[in-house]
Amino acid sequence: MIILGLILLLVGYFAGIQLLYYLGGLLVIIGVVLLILGAIGRPVGGRKAWF
């Protein structure tokens, strides 16, 4: 999710498409939050692991 967010951020920035830029930033933030929650062992959405 973080990688997809970074790709959308870059495409949105260089293409001048604000919607992609904001969606990319949102995906990066959500991805980082999920990464942190998973790293501390807190279950997210009822699951301890996402793989």
Side-chain angles (χ1 to χ4, degrees):
M1 186 175 286
I2 296 171
I3 294 171
L4 177 62
L6 289 174
I7 291 170
L8 287 177
L9 267 172
L10 291 174
V11 169
Y13 179 76
F14 289 118
I17 303 172
Q18 292 293 322
L19 181 62
L20 288 181
Y21 188 72
Y22 290 129
L23 284 176
L26 184 65
L27 284 179
V28 169
I29 292 171
I30 291 172
V32 169
V33 168
L34 289 176
L35 179 71
I36 292 170
L37 288 176
I40 62 173
R42 182 173 172 86
V44 178
R47 297 179 63 167
K48 280 194 177 263
W50 291 89
F51 54 91

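FYI, the numbering just counts along the sequence from 1. Heavy atoms only: backbone and side chains are in, while hydrogens, waters and symmetry mates are out.
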**OP:** Would you please name every residue forming a side chain to side chain contact (heavy atoms under 4.5 Å, CB included) with I36, sequence neighbours left out?
**Re:** V32
Original post:
Any side-chain heavy atom of I17 sitting closer than 4.5 Å to one from V11?
Top reply: no
**OP:** Name all residues meeting the side chain to side chain contact (heavy atoms under 4.5 Å, CB included) criterion together with L4; count only those two or more places apart in sequence or in a different chain, and write none if there are none.
**Re:** L8, L27
**OP:** Not counting sequence neighbours, which residues clear side chain to side chain contact (heavy atoms under 4.5 Å, CB included) with I30? List them please.
**Re:** M1, L26, L34
Subject >> Path from I3 to L9 over hydrophobic side-chain contacts below 4.5 Å >> reply: no
Subject >> Listed partners of L37 passing side chain to side chain contact (heavy atoms under 4.5 Å, CB included), at least two apart >> reply: V33, I40, R42, V44
Original post:
Given the rule that I, L, V, M, F, W and Y join up when any side-chain heavy atoms are under 4.5 Å apart, are L19 and V28 in one cluster?
Top reply: no
Subject >> Shared hydrophobic cluster, I7 / L10 (ILVMFWY, side-chain heavy atoms < 4.5 Å) >> reply: no
Subject >> Linked, directly or transitively: Y21 and L6 (ILVMFWY side chains, under 4.5 Å) >> reply: yes
Subject >> Minimum heavy-atom distance between L35 and I2, given as atom pair plus value >> reply: CD2-CD1, 4.3 Å
